[in-house]
Amino acid sequence: MRWSKTLIPTLKEVPADAEVISHKLLVRAGYIRQISRGIYDYFPLALKVIRKIETIVRQEMDRAGAQELLLPISSPAELWQESGRWEYYGKELLRFKDRHERDFCLGPTHEELITDLVRRSVRSYRELPINLYQVQTKFRDEVRPRFGLMRGREFIMKDAYSFHTTVEDCRREYDNMYQAYKRIFTRCGLSFRPVEADTGAIGGSLSHEFQVLAESGEDAIVSCDQCEYAANVEKAEVKGKPPAARDISEELPKLEKVATPGKKTVPEVAEFLKLGANKFIKTLVYKTDSGDLIAALVRGDHEINELKLRTMLGCREVTLADEAAVTAATGVVTGYIGPIGLSLRVVADLSVHGMRGAVTGANEANTHYVDIDQERDFTPSAFADLRLAVAGDPCPRCESGKLQSHRGIEVGQVFYLGTKYSEKMGATYLDAEGREQPIEMGCYGIGISRMVAAAVEQNNDANGIIWPLAIAPFQVLVLPINYKEDKLRDAGEKLYRDLQRAGVEVLLDDRDERAGVKFKDADLVGIPLRVTIGAKGLDKGFFELRSRRDGKTEEVPVGEAVKVITEKIAQAVQG
RNA sequence: CGGGGCGUGGCGCAGCCUGGUAGCGCGCACGCUUGGGGUGCGUGAGGUCGCCGGUUCAAAUCCGGCCGCCCCGACCA
């Protein structure tokens with residue numbers, strides 16, 4: 001393509017509403033423009049990148065045995081009512097009515113539609129397994145869209161759903177998809193890590209996320225420095241230690257109350273009593289979705305993982321209770337709550353088990369207990385792994401490993417769903433004995449538009465974007481320095497034609513702009529290879545071939561340019 | 001939803017406190033100039049100052065309401 005005929009509205013100034021680097025660069029380099037919060041236009045270059053990613057995704061999905069189809073973006077409420085998600089999904093589901101006042105929504109994901117499709121078209125075990133996928137726009141009315149393409153409300157996603165007769169076969173497909181995903185992200189040139197994940201609103205019991213490692217990532221993940229274990233912190237298990245053995249002869253100090261006027265938080269009381277936060281038992285009162293208040297205990301230097309708490313309590317939601325509710329239920333102001341003599345149900349993290357010499361609120365204002373011996377002074381209704389994993393924690397899988405923490409951008413997720421949707425929606429098949437059975441399901445998503453942002457987060461410098469070759473909008477930029485000079489223009493036009501003929505994806509900067517402008521735009525836009533055609537070089541019979549990534553420039557004889565470039569591309573695609 | 005910030009030509013901003021002619025840089029158009037990292041000079045076009053209402057002789061500026069956008073939190077495949 002010709003630059004002069006392509007809409008690439010580059011900007012000199014950083015847009016005021018962009019925060020992360022990918023958002024800034026994609027806007028500045030003329031790839032995207034915001035139309036409303038979390039909703040963007042994709043300019044021609046952005047669409048090229050998206051198409052490149054989609055192509056890789058399609059090739060690997062097809063190779064893995066999946067088939068592509070296309071489901072509608074809007075769907076009637078009835079299907080969502082069947083699965084229960086019309087209520088469950090809440091405000092994130094964008095709803096509207098048609099002219100007949102019938103309820104509809106824009107699909108945030110497509111389990112309902114695909115399950116409906118399969119139940120109406122698959123009858124026999126002979127037709128299974130099957131894996132169906134689509135690449136399509138999704139809409140989620142996110143509470144807080146942000147960071148450009150990283151968390152949009154409208155975004156492009158590849159979603160696949162597989163259907164099986166047995167759990168084993170479904171697990172086999174899960175692994176098949178896991179491997180396909182590794183190939184996809186590798187081919188796209190991303191540095192990523194698969195991690196164990198929570199299943200969230202989709203449901204199911206086994207899941208991995210594919211996280212692109214980047215500082216700006218919204219997800220915190222931990223990984224073992226010795227073994228393969230890696231998990232989203234939401235999910236990361238914490239290995240509990242059994243309480244230290246008791247020395248019978250040891251004289252334990254008695255439980256005692258101390259005045260802690262006005263000191264409410266762990267850091268405040270710790271400072272006041274000159275004790276480490278790890279001597280504290282933090283008591284947090286949560287409200288469950290059924291309205292119950294429960295107290296959750298965790299060691300003072302740790303944080304409660306609300307997901308673990310929710311899972312343990314078997315409820316959909318837990319929120320920190322507000323102060324008024326806490327005081328109404330316990331008669332104590334927050335900050336001085338403690339498990340000893342508390343009227344609420346108490347659950348405790350393993351870190352609290354067997355604590356001695358501990359400090360916690362005494363359930364009376366401005367007072368804390370000190371020298372608590374957990375086993376002597378109180379017994380929670382249950383101990384469980386309830387805290388957030390942190391860097392330095394022992395690995396839950398291997399003997400000697402320690403966890404490290406990273407930030408990641410979730411670009412893909414695979415789920416084992418089981419029969420959650422098939423049972424609710426009556427998606428069944430007849431087995432060899434003629435009995436009706438619910439279909440086992442898995443689902444597998446990739447955030448295509450988010451991958452664009454993730455790729456830029458991982459591949460940029462002070463001058464702009466540096467696309468991995470596999471997903472770059474063009475492989476080569478041909479840049480004649482002065483388009484008014486016939487010699488340079490002709491050489492540029494010829495190379496452009498020759499490269500196209502050789503199957504290279506090439507953009508020709510045929511604008512009558514000064515060299516500096518073209519160079520700046522070239523760096524910003526991030527095409528991996530640049531051929532600079534200047535008078536000095538051309539007189540000596542060569543072009544300059546420059547790598548956007550490392551800035552290295554080599555002189556290539558005019559006659560060999562196409563060969564050198566095609567070789568370089570072939571080599572990069574392979575490697 | 002809670003907290004904070006912002007809304008003035010296409011983009012980035014000043015002006016607002018202390019009411020009276022709407023300004024700067026970039027970009028854009030034209031001319032000359034320059035021609036290997038955003039060239040220089042000149043001329044020019046382009047703005048209901050987010051919207052509605054109020055105060056006032058007079059509102060970008062003061063007051064009220066609403067809308068939009070950004071950040072933090074809650075939320076989230």
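RNA chain B lies under 4.0 Å from at least one heavy atom of each of the following residues of residues 541-552 of chain A: A:Glu544, A:Arg546.
Distances from the side chain of A:Lys536 to the nucleotides B:G36, B:C72, B:G38 place B:G36 closest.
With hydrogens and angles ignored, no donor-acceptor pair under 3.5 angstrom links the side chain of A:Arg146 to the base of B:C71. Counting atom types as modelled, A:Arg530 pairs a side-chain N or O with a base atom of B:G37 as donor and acceptor under 3.5 Å. For B:G36, its base never sits under 3.5 Å from the side chain of A:Lys518 at any donor and acceptor pair. Taking 3.5 Å as the limit, the base of B:G37 and the side chain of A:Asp523 contain a donor-acceptor pair of atoms between them.
Taking atom CG of A:Asn482 as the reference point, atom C1' of B:U39 lies 13 Å away to the nearest angstrom.
Distance noted for atom P between B:G15 and B:A74: 35 Å (whole Å). Remark: the separation of the P atoms in B:U55 and B:A22 is 24 Å, to the nearest Å. Using atom C1' as the reference point in both B:C67 and B:G53, the two lie 14 Å apart (nearest Å). The separation of B:G47 from B:C70, taken at their P atoms, amounts to 27 Å, rounded to a whole angstrom. Straight-line distance between the P atoms of B:G9 and B:U61: roughly 15 Å, to the nearest whole Å. Annotation: B:A60 and B:G20 have their P atoms spaced 9 Å apart (nearest Å). Nucleotides B:A29 and B:G37, compared at atom P, are 23 Å apart to the nearest Å. Atom C1' of B:U56 sits at a distance of 35 Å from the matching atom of B:A45, rounded to the whole Å.
A close approach under 4.0 Å does not occur between any side-chain nitrogen or oxygen of A:Thr532 and OP1 or OP2 of B:G36. Applying the 4.0 Å criterion to OP1 and OP2 of B:C70, one finds that A:Arg37 has a side-chain N or O inside that range. Regarding contacts with the backbone of B:G38, every side-chain N or O of A:Lys12 stays at 4.0 angstrom or more from both OP1 and OP2. An OP1 or OP2 oxygen of B:C70 is reached within less than 4.0 angstrom by a side-chain nitrogen or oxygen of A:Gln34.
Among the candidates A:Phe210, A:Tyr444, A:Phe185, the single residue satisfying the ring-ring contact (aromatic ring centres under 6.0 Å, His included) test with A:Tyr178 is A:Phe210.
More than 12 heavy-atom neighbours from other residues, nucleotides or ligands sit within 6.0 angstrom of CD on A:Gln179.
Using cut-offs of 30° and 60° on the angle between ring planes, the pair A:Tyr31 and A:Trp467 is tilted.
A cation-pi arrangement is found for A:Arg171 relative to A:Tyr416, the charged atom lying closer than 6.0 Å to the ring centre and inside a 45° cone about the ring normal.
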Could you go through nucleotides 30-32 of chain B and list every protein N or O atom that sits under 3.5 Å from one of its N or O atoms, giving the distance for each pair?
none

Taking only nitrogen or oxygen atoms into account, show me every contact under 3.5 Å that the protein makes with nucleotides 10-12 of chain B, one pair per line with its distance.
{"from": "B:G12", "atom 1": "OP1", "to": "A:Ala16", "atom 2": "N", "distance (Å)": "3.2"}
{"from": "B:G12", "atom 1": "O2'", "to": "A:Glu13", "atom 2": "OE1", "distance (Å)": "3.3"}

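Positionally, the nearest nucleotide of RNA chain B for A:Arg514 lies more toward the 5' end than for the other of A:Val517 and A:Arg514. In terms of position along RNA chain B, the nucleotide closest to A:Glu485 lies nearer the 5' end than the nucleotide closest to the other residue of the pair A:His23 and A:Glu485.
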